2 protein chains.
Amino acid sequence: MKKGHQVTMKEIAKKLGVSVSTVSRALKDSPELHPETKRKIVEMANEMNYQPNLLAQSLRISRTKTLGVIVPEITSHFFASCISGIQDQANVRGYNIMICQSNENLELEIANIKTLVATQVDALLISLSRETNHYEHLFELYNREIPFVLFDRVQEDIPVSKITFNDVGGAYQVTKHLLEMGCKRVMYVSGPEDLYISKKRKEGYLKALKDFGIKEEKELIKVTDLTTEGNIKIAEEVLEMENKPDGVFCIFDPVAMDVMTLWKSKGVKIPEDIALAGFTNNPTSAVVEPALTTVSQPGYEMGKLAVSHLLDQLDGIASDDPISIVLETTLVPRKSTQTNL
Amino acid sequence: MKKGHQVTMKEIAKKLGVSVSTVSRALKDSPELHPETKRKIVEMANEMNYQPNLLAQSLRISRTKTLGVIVPEITSHFFASCISGIQDQANVRGYNIMICQSNENLELEIANIKTLVATQVDALLISLSRETNHYEHLFELYNREIPFVLFDRVQEDIPVSKITFNDVGGAYQVTKHLLEMGCKRVMYVSGPEDLYISKKRKEGYLKALKDFGIKEEKELIKVTDLTTEGNIKIAEEVLEMENKPDGVFCIFDPVAMDVMTLWKSKGVKIPEDIALAGFTNNPTSAVVEPALTTVSQPGYEMGKLAVSHLLDQLDGIASDDPISIVLETTLVPRKSTQTNL
DNA sequence: CTGTTAGCGCTTTCAT
DNA sequence: ATGAAAGCGCTAACAG
């Protein structure tokens, strides 16, 4: 199939016996132009169904008005919300977005960045893959002075603006909630330990324990690889402990869901036997039985803010100095932790 | 913030005292070139960190290797799956994608198409918004010979390829399932009646009734506007009927979820009092209590196939004649219809 | 008020 | 084996 021919200014010019620049001027409503000429050109442009070629414009001004977005996974509800926010805010500011997913894969993340840069996006919004454990590709972006921001999955050492959630605070909230509901032994199920979020949430967890005068216990921190198998293994391990926890806070909702599934199948009562909480507030968490206590993160807002700040920097409205924007999370208490109700 | 300068061939050429065309040839490994010159150029390009400007190439060849995608909503799990499939398959074929969401809004759909066309995407993949009730913008695309396909939310009269699910078949499956589970009075909760999917699913519903020798009853077909309020209103109306249905098939899972929520709050037992089924197989449906019987639609596959076919047409591998690809759906029987278990 | 010219970055004849 | 020139579609500086 051949794409249909697009009308160009040149063709309009030829048809009307004027020069291309006159057509250009007419179409952008330049004042220094005979009204009659202008009228004729505009008319003809409409008639021929002329549409400007943004590609050509972009090449000229070296700006595409396009932002590149890289997320680990589009199908995750959280990232979909971010994208939605990015999209909406980008449109408000007259930008388009080009989206790539890394599938949590470092190689793909690098490849995506390369493609987006090659297509001349004006800037990038990146949320790192889980696999990303070295950062040369980001430093290269930085060195090549291609503006970008990191959101949600960030790396602290890169000198660009970052938009994150208050993970420490969120984890603190859930842990505190579990303790307030009467839990004495609260476990934290972490993701891989080099993950930024793993660390931050652990920090909040420990802080809450400390505030309640509870000593950290090694065996009350477990690490999952975040696969379903890994999560289930943890759930089983917990049941085999002689001194079981009475409350478990999982780093992500999906982890908690896997744990819940296994426990339910083993007849464990939630929250009576063990209270359970997650983090992210996925749609499924509201609907599962028992409904899962979690922490909600405004992904849409995060996306909007990321774009606003990035474009503010691009437009010189905001300073180029990297800043860190931290969004607050909200505890969503539900049945899975209502031990005393 | 100013975007950093990108190295161009011109600069490499100048530095080496050769012409731009030589650089171009070296970089695309042309054979008719002195090996030594080539080596030097390639080396210098690496050293200077040269990256080709795809924009310039695109302008030259009038092809961007970019596909435009328009979906009603990115945050819907189903469309996110489609996008994921589109993305992956596009990458396989060396294409990028540019995504826009219409937010179920006709004006935005039209605006999105315009932008994507202006940015010179090579082709479009479109899933229509719910509001879309006239189709000039699509016929215009057609007339301007911009290749596109429609997926999931299609319009039958437009002479382009369409990828859809067998909605008639899916609706037939659920209805049949309800009848087989012992339901005598099965209701169909439809969306707005001019919606393509509303019609198709009604067709399947009626076909199943007929095959079971059951006569269509006007009061057993209800229409919701698909808002939560609308859905709840229907749920209430059903409870007020003197001759209630004993099985209800809702056009989408979210509708069924709203209905379920209301009924549960009123003490209606599902499936004992009334069996309930949806369509789409959203993640939440698997997890709600009782788990919702539904029909699963392979969105990821749909996305992949849409891209494959579209690019086959673009590349002349497939004929330009529009075809209709129909994907089969699968019944997912769950607790909400297990009346006899 | 309008045309000519040059240039954005790249590729591809056409010369040499 | 390499360079010069033209052109993709558009705009802006420079001349009239």
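Here is the naming used below: chain letters follow the sequence lines, and residue numbers restart at 1 for every chain. Owing to the predicted nature of the structure, the values given are computational and were not obtained by experimental measurement. Computed over heavy atoms, backbone and side chain alike; hydrogens, waters and symmetry mates excluded.
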Seminar exercise, completed: To the nearest angstrom, the CD1-C1' distance between A:Ile12 and C:dG3 comes to 17 Å

Exercise. Could you give the NZ-to-P distance, from A:Lys14 to D:dG9, as a whole number of Å?
Worked result: 13 Å

Exercise. Does A:Ser24 place a side-chain N or O at less than 4.0 Å from the phosphate oxygens OP1/OP2 of D:dT11?
Worked result: yes

For this session: Classify the nucleic acid contact of A:Thr8 as base, sugar-phosphate or nothing, counting any heavy atom under 4.0 Å across all strands shown.
Result: sugar-phosphate

Problem set entry | A:Thr22 vs C:dG3: side-chain N/O to OP1/OP2 distance below 4.0 Å | yes

Problem set entry | Between A:Ser129 and A:Asn105, a side-chain donor and acceptor under 3.5 Å | no

Problem set entry | side-chain contact (heavy atoms from CB on, under 4.5 Å), paired with A:Leu314, selected from A:Asp312, A:Ile317, A:Leu311 | A:Leu311

Problem set entry | Spacing between A:Met9 atom CE and C:dG3 atom P, to the nearest angstrom | 14 Å

Problem set entry | Strand-adjacent residues in residues 42-66 of chain A, judged by heavy atoms under 4.0 Å from DNA chain D | A:Tyr50, A:Pro52, A:Asn53, A:Ala56, A:Gln57, A:Arg60

Exercise. If we ignore angles and hydrogens, is there a donor and acceptor under 3.5 Å between the side chains of A:Thr75 and A:Glu73?
Worked result: yes

For this session: Tell me yes or no: between the side chains of B:Glu11 and B:Thr8, is some donor less than 3.5 Å from an acceptor?
Result: yes

For this session: Give a yes-or-no answer on whether the side chains of B:Ser24 and B:Ser21 include a donor-acceptor pair shorter than 3.5 Å.
Result: no

Exercise. Hey, are B:Gln6 and A:Arg144 close enough side-chain-wise for a donor-acceptor pair under 3.5 Å?
Worked result: yes

For this session: Would you classify A:Val18 as touching base, sugar-phosphate or nothing, given that sugar-phosphate means primed atoms plus P, OP1 and OP2, and contacts are heavy atoms under 4.0 Å?
Result: sugar-phosphate

Problem set entry | d(NZ, B:Lys10; P, C:dT11) in whole Å | 15 Å

For this session: Keeping to residues at least two apart or across chains, list the ring-ring contact (aromatic ring centres under 6.0 Å, His included) pairs with something in residues 114-165 of chain B.
Result: B:Phe78-B:Phe165

Problem set entry | Test item: side-chain donor near acceptor, B:Thr132 and B:Gln155, under 3.5 Å | no

Exercise. Tell me: CD1 of B:Ile41 to P of C:dT11, nearest whole Å?
Worked result: 13 Å

Exercise. A:Asn96 and A:Thr66: side-chain donor and acceptor closer than 3.5 Å?
Worked result: no

Atom pairs, N/O to N/O, protein against nucleotides 13-16 of chain D, distance under 3.5 Å?
none

For this session: Rounded to the nearest angstrom, tell me the gap between atom CG in B:Leu16 and atom C1' in D:dT2.
Result: 13 Å

